[in-house]
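Data block below; observations after.
When reading the values below, keep in mind they use all heavy atoms of this one structure, side chains included, and skip hydrogens, waters and symmetry mates. Position 1 is the first residue of the sequence; numbering continues from there.
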Amino acid sequence: MQDIILRYATIEQNLPPHQIRMIKPILRFLLSATFVLCSCTNLFAQKNEQMVRLAKIKVDPAQLTEYNKALLTQMKTAVALEPGVLTYYAVADKKDPSSITILEIYADTAAYNKHILTPHFKKYKDTVKDMVKSLELVDVDMIGFARKPDN
């Protein structure tokens, strides 16, 4: 990538301004496309190692507000502090908000095993132990994804 930038700088010095204006958008596009392709290749290469899990949780409706606070704190802390914790999506059933499903994605099984030993995860488990009526953990394989790029 650095080699491409250096070549561009050399070419730019020898071109008139109107040609530079025409080339810049093309080069930006090519650099962006190269970055996206490299990122996607890296993501798919890592995909096989990732641990993907669904946590299906039934919470005591009377304690739902407190549970959601503890869950959000744990999720945000884990993503901020642990490189191996890649993604959390927590959703509640519209008809029964006390039925919560969490999509968890870890870099690998070792990252998950490290995660469950962290102080913030242990605090979460201790905080919610009397709020959770049932917990089902389902390990799944990622078969695909679609996502708009971040702006």
* Do the side chains of Pro61 and Lys133 get nearer than 4.5 Å, heavy atoms only? -> yes
Check the hydrophobic clustering (I, L, V, M, F, W, Y; side-chain heavy atoms under 4.5 Å; chains of links allowed) and say if [X] and [Y] are grouped together.
{"X": "Leu81", "Y": "Phe121", "value": "no"}
{"X": "Val138", "Y": "Met142", "value": "yes"}
{"X": "Leu137", "Y": "Ile116", "value": "yes"}
{"X": "Val79", "Y": "Met75", "value": "yes"}

* Asked: What pairs of residues pass the ring pair (Phe, Tyr, Trp, His ring centres under 6.0 Å) test when at least one of them lies in residues 63-98, not counting sequence neighbours?
  -> none
Using 0.5 Å steps for rounding, measure from the [atom1] atom of [X] to the [atom2] atom of [Y].
{"X": "Asp108", "Y": "Gln50", "atom1": "CG", "atom2": "CD", "result": "9.0 Å"}
{"X": "Met51", "Y": "Leu86", "atom1": "CE", "atom2": "CG", "result": "12.0 Å"}
{"X": "Leu64", "Y": "Ile100", "atom1": "CG", "atom2": "CD1", "result": "5.5 Å"}
{"X": "Lys76", "Y": "Leu71", "atom1": "NZ", "atom2": "CG", "result": "10.5 Å"}
{"X": "Thr101", "Y": "Ile57", "atom1": "OG1", "atom2": "CD1", "result": "8.0 Å"}
{"X": "Asp96", "Y": "Lys58", "atom1": "CG", "atom2": "NZ", "result": "3.0 Å"}

* **Closest approach of Ala78 to Val85 (non-hydrogen atoms, all atoms of both residues)** => O-CB, 3.9 Å
* Which heavy-atom pair separates Asp139 from Arg53 by the least distance, and what is that distance? -> OD1-NE, 2.8 Å
* Asked: Are there more than 12 heavy atoms of other residues, nucleotides or ligands under 6.0 Å from atom CG of Asp126?
  -> yes
* To do: Would you please name every residue forming a side chain to side chain donor-acceptor pair (under 3.5 Å) with Thr118, sequence neighbours left out?
  => His120
* Structure fact -> Contacts of Gln74 meeting side chain to side chain donor-acceptor pair (under 3.5 Å) (sequence neighbours excluded), chain-then-number -> none
* To do: Over 60° means perpendicular and under 30° means parallel, so classify the ring planes of Tyr106 and Tyr112, tilted if in between.
  => perpendicular
